[in-house]
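Heavy atoms only: backbone and side chains are in, while hydrogens, waters and symmetry mates are out. Each chain gets a letter, A, B and so on, in the order its sequence line appears, and its residues count up from 1.
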Amino acid sequence: MERDYQPQVIEPEIQKYWDSEQTFKTIENPDQPKFYCLCMFPYPSGKLHMGHVRNYTIGDVISRFMTMKGYNVLQPMGWDAFGMPAENAAIKNQQPPAAWTYDNIDHMRGQLKRLGFGYDWDRELATCTPDYYRWEQWLFTRMVDKGLAYRKKARVNWDPVDQTVLANEQVIDGRGWRSGALVEQREIDQWFIRITDYADELLDDLDAVDWPEQVKTMQKNWIGRSQGVEFSFERKGSEERLEVYTTRPDTIMGITYVAVAAQHPIATQAAASNLEIQAFIEECAHMSVAEADLAQAPKRGMATGQFVIHPFTGEEIPIWIGNFVLMEYGSGAVMAVPGHDQRDWEFATQYGLPIKPVIQPLDDDPEYDLSEKAWCEKTGVTVHSGRFDGLPFADAFKAVAEALEEMGIGRVTTNYRLRDWGVGRQRYWGCPIPVIHTDEGLKTVRDEDLPVTLPEDVVVDGSGSPLATRSDFVETVDPDTGRPAKRETDTFDTFMESSWYYARFASAFSDDAMLDAHANHWLPVDLYIGGIEHAILHLLYARFFHKVLRDLGLVNSDEPFKKLLTQGMVLKDGSKMSKSKGNTVDPQALIDQYGADTVRLFTMFAAPPELSLEWSDDGVAGAHRFLKRIHALVTEHLDQGRHVSNELVDLEGLSDEARDVYRKLHETIAKVSDDIGRRYHFNTAIASIMELTNSVMKFDATGDADWAVRSEAVEAIVILLSPITPHITEHLWSSLGHQNSLMDVPWPKVREDALTRHTLTLVVQVNGKLRGRIEVPSDADQTTILTMARDEPQVAKFLEGMVEKKAIVVPQKLVNLVVAPA
RNA sequence: GCCGGUGUGAUGGAAUUGGUAGACAUACCGGACUUAAAAUCCGGAGAGGGAAACCUCGUGCCAGUUCGAGUCUGGCCACCGGCACCA
């Protein structure tokens, strides 16, 4: 065996060995338990970044661990290959997006292999290939058939100079990122999918998945189911009525104005005869369409000069246009109760509109001061509300709702914050929407004509869609009539591709259907791992798709991801690594310098997965040093020539020191198994292996019994570390005389009899402060423990002149004596 | 703005169910080896006080619950993620 640790020699050798042995080919044996471990697939942006390395190392560690635990593991990898960056790169480099993407995929695949991830590469997929997206097109046509997809107008950011639609991130301070032109809002016809049809199920099924509470809460709030009342106002001098939705009908007597969105027909109508309003609406149309921008913009508004009639008082109430009212939520109009809604309060205060208190707290609430802010609690009773006076929230809600219903102008409804999913994108590098425009209207493309293939030899210059100018793509024929027709040139939102790839991996070899029976063998994904930034959108869309697939009979489960592990970001100097900040760390350079195992070890050791990970070059060097120590430990161990394998250690014959090392060994096995298998806290698993290593290195083995302990410990260290640093351990395993791969070695079992202790150390506190320690027999009773605690000299000191009020004994842990001066 | 998180030594973090705060590392300091340096090995170390034994304080800030709070509750502050066309 060579003396030094040489990762650059070992790692490619081991990777070749795995390759030739087909170590990571998926086994699908119905008699064995299955485990589908999936990491969010990467966008092929060029090269791997540290976030990828972290994500995929977590998945690989768990996959290897589960394989050693006897599971059939499916761990696939693929490419989320459509998207904007390819178009941006194309503009910059005059290279077609397809070529750029495929080059990147080749490079990044090489990097993943160099990191030693155990993927079943036979199942690799790239979403930009027709083999993949044809099934997405097929699914979309089914959605159209079922009425799940429909056309609707939607607002987009329009760059008037580049003549193109901009993504929200391409709008910087209200201007197009390339042209610098003031962005406008435009309404265009778009395809939408009725995700709201599944809103209740998407909400309720959250209870059935093993996901972090915070993610479930975010999704719940995003869906935002609320009980409210929908009703309409009579408009003064108009036949038409104004529809509003409110979750607080109990405050209806406190309405002092009504606010409509700038896109609301009333606003448009008012603008027709008023230049000021026209200018105001025009100004609103120059905002970004992003909700975050709207919510933070200063509240602005303008009176329309029109009025509605209060349904109960008959009072005239002014209609205002407010830039904070969303056209997409409810009916684009709200009744404003400034006394009991903070947003309404701010708007009213700014424009001098009256504030009318109609809810009063039951007890004196120092927070109740309507000249300072609105009081929004639902715990009060109605006042100044005429016939509705004196009612608590639920009763007032009911009474008002019933009254409106009796008048035939309102009803109780369930409303959702969730909106239908707009899936059309006016971009080139995406999956073509399989629709043709014929003289008989819109038609979906027939199954036998799928896929609609995206031409890959295009020139992208940043203005307009390259597809629209490709007559060979656009010009087609209506198969029903034989007359000319035009293809849709919009492509799908790339969230469409990432909403079902997890299922395709399980059914990767199916040529004649989107999914086959293998999908149900593997699904749902047992563990899904990815960035917390996907907590809402991607995960919600994928859950929705899964339910659609289920309703089409393609899968038989309700949820796609049984368990979810969300990883934090990789930071450097306290902030997210990014090119613009110039604080990126290229994993490739580290692999070249230290090898894949060191990079894997550092990223797993530096922090638990869900926390952000602060990058440290020194930390990487430290991880490498540890691997050198492990290498030296095994080398020196073998040098002694007394290594034994598979020898059952006889506990009775051990010295105290050997017994301690042996207990530590089995405690470590228990700890590492729990940390990797249940907690996913790899940093503490590694720390405990380091502790064990330190103990074994200090252990001076003499007799045969000692060497049996030492040998078992050395082998266990190699096995326990193998999911994290698979190359060096595979290499050392073979040095230790084994012929098989560690992937075929069962995960070690804890020997319970090795864990027992004769004595325990208990901490003794006096009034909650640590004052001493006692060594007690592990079977000592409470009286004995208390006597020993009181007699401990350090403790006794603090008991002098005191009366003991109480004594608390926490088994295995501590004693707390509560005393007071006599 | 709204929703969700995070905050512990010089640094990354540990403390899993309310029970020894700082495991394991990194950086640093001292020692061994070396002509020297690197590498490696051994040792030290939260802050303050003390010759020492020990004592006091200490988990972003302010209150509270408890025999006992890093952990639970309320209020603040700072930072991070998401906000529907970034993926």
Side-chain angles (χ1 to χ4, degrees), chain A residues 40 42-43 45 80 82-85 154 156-157 165-171 212-215 217-222 224 289-297 299 324 328 342-343 346 417-427 493-495 498 531-538 540-541 566 568-569 571 574-576 602 605-608 610-623 625-626 628-629 632 674-675 678-679 681 683-684 686-691 694 697 761-765 767-770 773 794 797 805-808 810 813-819:
Chain A
M40 290 180 189
Y43 177 79
S45 55
D80 188 13
F82 276 136
M84 258 189 348
V156 293
N157 302 305
V165 173
L166 297 178
N168 284 334
E169 73 157 9
Q170 296 175 315
V171 181
E213 261 334 294
Q214 44 157 319
V215 176
T217 307
M218 281 192 263
Q219 291 217 350
K220 270 181 195 151
N221 292 339
W222 184 261
V289 297
E291 197 188 313
D293 296 332
L294 291 175
Q296 278 174 104
K299 277 184 193 48
F324 61 95
E328 285 75 19
Q342 187 57 24
R343 246 182 352 187
E346 282 165 27
R417 209 188 72 96
L418 179 69
R419 307 196 293 259
D420 275 341
W421 177 12
V423 294
R425 295 292 180 269
Q426 297 68 48
R427 269 188 256 292
D493 177 3
T494 56
F495 276 126
S498 55
I532 183 72
E533 66 272 20
H534 295 291
I536 296 177
L537 292 179
H538 162 60
L540 192 66
Y541 292 142
T566 49
M569 287 178 315
L571 310 177
S575 62
K576 192 175 173 171
F602 171 74
F605 184 56
E610 63 271 20
L611 251 57
S612 57
L613 184 158
E614 174 65 31
W615 188 260
S616 155
D617 290 329
D618 289 330
V620 179
R625 205 166 338 178
F626 175 65
K628 284 203 279 194
R629 273 164 67 83
D674 188 51
D675 280 351
R678 180 182 65 88
R679 296 211 307 150
H681 276 208
N683 57 330
T684 51
I686 294 164
S688 67
I689 296 171
M690 286 174 169
E691 282 187 56
N694 292 342
M697 286 182 124
T761 305
L762 297 189
V763 160
V764 184
Q765 299 179 335
N767 286 344
K769 285 189 183 183
L770 173 65
R773 281 162 221 278
Q794 280 304 323
K797 226 164 74 180
K805 299 274 186 195
K806 203 170 175 180
I808 290 141
V810 181
K813 296 248 161 149
L814 60 69
V815 176
N816 187 15
L817 303 172
V818 184
V819 299

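- Using atom P as the reference point in both B:rU73 and B:rU6, the two lie 12 Å apart (nearest Å).
- For the residue pair A:Arg427 and A:Ala167, the shortest heavy atom distance occurs at NH2-CB, 4.0 Å.
- Rounded to an integer number of Å, the gap from CD of A:Gln214 to C1' of B:rC3 is 12 Å.
- Look at the C1' atom in both B:rU59 and B:rA23: the space between them is 16 Å, to the nearest Å.
- The shortest heavy-atom contact between A:Ala535 and A:Val215 is O-CG1, 3.7 Å.
- Of the inter-residue distances, the one linking A:Gln426 atom CD with A:Leu166 atom CG reads 11.0 Å to the nearest 0.5 angstrom.
- In this entry the distance linking CZ of A:Arg773 with C1' of B:rA21 reads 12 Å, nearest Å.
- B:rU8 sits 10 Å from B:rA15 when the C1' atoms are compared, rounded to a whole Å.
- For B:rU11 and B:rU16, the P atoms lie 23 Å apart once the distance is rounded to whole Å.
- Considering CD1 of A:Ile686 and CD of A:Glu691, their distance stands at 13.0 Å, rounded to 0.5 Å.
- The distance from the CE atom of A:Met218 to the CG atom of A:Leu537 is 11.0 Å, given to the nearest 0.5 Å.
- To the nearest 0.5 Å, atom OG1 of residue A:Thr566 and atom NE2 of residue A:His534 are 11.5 Å apart.
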What are the atom names and distances for every N/O pair under 3.5 Å that joins the protein to nucleotides 67-74 of chain B?
unit_1: B:rC67; atom_1: O2; unit_2: A:Asn816; atom_2: ND2; d: 2.5

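- The CG-C1' distance, from A:Leu817 to B:rU20, rounds to 15 Å in whole Å.
- Among the atoms of the strands shown, none is found under 4.0 Å from any heavy atom of A:Met40.
- Two residues are said to be in side-chain contact when any heavy atoms from C-beta on lie closer than 4.5 Å; A:Phe495 and A:Val423 fail this criterion.
- With hydrogens and angles disregarded, a donor-acceptor distance shorter than 3.5 Å links the side chain of A:Asn157 to the backbone of A:Val289.
- Contact check, A:Arg629 against B:rC41: a side-chain N or O comes under 4.0 Å of OP1 or OP2.
- Using a 4.0 Å heavy-atom distance criterion, A:Leu418 is classed as a base contact.
- At B:rA27, one or more side-chain N or O atoms of A:Arg625 fall inside 4.0 Å of OP1 or OP2 (strictly under the cut-off).
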Might you work through the side chain to side chain contact (heavy atoms under 4.5 Å, CB included) test for A:Leu418 and A:Leu540, ending with a clear yes or no? CA-CA 11 Å; A:Leu418 179 69; A:Leu540 192 66; 3.8 Å; yes

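- If you measure from atom NZ of A:Lys220 to atom C1' of B:rC2, you get 19 Å, rounded to the nearest angstrom.
- Comparing B:rA21 with B:rG68, their P atoms are spaced 14 Å from each other, to the whole Å.
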Nucleotide-resolved protein contact map, nucleotides 12-18 of chain B, B/S/- at heavy-atom distance under 4.0 Å: BSSSB--

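- Ranked by how close their nearest RNA chain B nucleotide is to the 5' end, A:Val763 and A:Ile536 are led by A:Val763.
- Interatomic distance, CH2 of A:Trp615 versus CZ of A:Phe602, reported as 5.0 Å (0.5 Å rounding).
- A:Lys813 pairs by the side-chain contact (heavy atoms from CB on, under 4.5 Å) definition with A:Val810, not counting sequence neighbours.
- You'll find the side chain of A:Phe324 stays beyond 4.5 Å of the side chain of A:Glu346, heavy atoms only.
- With a glycosidic angle no more than 90° from 0, B:rG9 adopts the syn conformation.
- Judged by distance alone, the side chain of A:Asp493 and the main-chain N or O of A:Arg425 form no donor-acceptor pair under 3.5 Å.
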Please tabulate the protein-to-nucleotide N/O contacts below 3.5 Å involving nucleotides 85-87 of chain B, giving atom names and distances.
unit_1: B:rC85; atom_1: OP2; unit_2: A:Arg425; atom_2: NH2; d: 2.6
unit_1: B:rC85; atom_1: O4'; unit_2: A:Arg425; atom_2: NE; d: 3.2
unit_1: B:rC85; atom_1: O4'; unit_2: A:Arg425; atom_2: NH2; d: 3.4
unit_1: B:rC85; atom_1: O3'; unit_2: A:Asn168; atom_2: N; d: 3.4
unit_1: B:rC85; atom_1: O2'; unit_2: A:Asn168; atom_2: N; d: 2.7
unit_1: B:rC85; atom_1: O2; unit_2: A:Arg427; atom_2: NH2; d: 2.0
unit_1: B:rC85; atom_1: N4; unit_2: A:Gln190; atom_2: NE2; d: 2.9
unit_1: B:rC85; atom_1: N4; unit_2: A:Gln426; atom_2: OE1; d: 2.8
unit_1: B:rC86; atom_1: OP2; unit_2: A:Asn168; atom_2: N; d: 3.4
unit_1: B:rC86; atom_1: OP2; unit_2: A:Glu169; atom_2: N; d: 3.0
unit_1: B:rC86; atom_1: O4'; unit_2: A:Glu169; atom_2: OE1; d: 3.2
unit_1: B:rC86; atom_1: O4'; unit_2: A:Glu169; atom_2: OE2; d: 3.2
unit_1: B:rA87; atom_1: OP1; unit_2: A:Met84; atom_2: N; d: 3.1
unit_1: B:rA87; atom_1: O3'; unit_2: A:Asp80; atom_2: OD2; d: 2.8

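- Across the protein-nucleic acid pair, A:Lys813 atom NZ and B:rA21 atom C1' stand 13 Å apart, rounded to whole Å.
- With P as the reference atom, B:rC76 and B:rC67 are 28 Å apart, rounded to whole Å.
- Counting only distance, with no hydrogens or angles, the side chain of A:Asn816 and the backbone of A:Ile808 share no donor-acceptor pair below 3.5 Å.
- Note that the NE2 atom of A:His681 and the CG atom of A:Asp675 stand 8.0 Å from one another [nearest 0.5 Å].
- The residue A:Trp615 sits apart from the nucleic acid: no heavy atom pair falls under 4.0 Å.
- Side-chain proximity of A:Leu770 to B:rA21, B:rG1, B:rC3: nearest is B:rA21.
- Across B:rC42 and B:rC33, the matching C1' atoms stand 11 Å from one another, rounded to whole Å.
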Would you check, one step at a time, whether the test side chain to side chain donor-acceptor pair (under 3.5 Å) holds for A:Ser498 with A:Asp80? CA-CA 7 Å; A:Ser498 55; A:Asp80 188 13; 4.7 Å; no

Could you go over nucleotides 43-49 of chain B and give all protein N or O partners under 3.5 Å, atom names and distances?
none

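- The separation between A:Met697 atom CE and B:rU40 atom C1' is 11 Å, rounded to whole Å.
- Within 4.0 Å of A:Ala290, counting heavy atoms only, lie sugar-phosphate atoms of the nucleic acid but no base atom.
- Here A:Glu691 lies in heavy-atom contact (under 4.0 Å) with sugar-phosphate atoms only.
- Paired runs in RNA chain B that reach 3 or more consecutive Watson-Crick or G-U pairs, where each pair keeps both distances under 3.5 Å, cover B:1-7 with B:77-83, B:10-12 with B:24-26, B:28-32 with B:40-44, B:46-49 with B:54-57, B:60-64 with B:72-76.
- Distances shorter than 4.0 Å separate some side-chain N or O of A:Asn694 from OP1 or OP2 on B:rA25.
- The nearest whole Å value for the distance from the NZ atom in A:Lys769 to the P atom in B:rC55 is 10 Å.
- If you measure from atom CD1 of A:Ile532 to atom P of B:rC3, you get 17 Å, rounded to the nearest angstrom.
- The residue among A:Glu291 and A:Asn221 whose nearest nucleotide of RNA chain B lies closer to the 5′ end is A:Asn221.
- Taking the P atoms as reference points, B:rG19 lies 39 Å from B:rU40, given to the whole Å.
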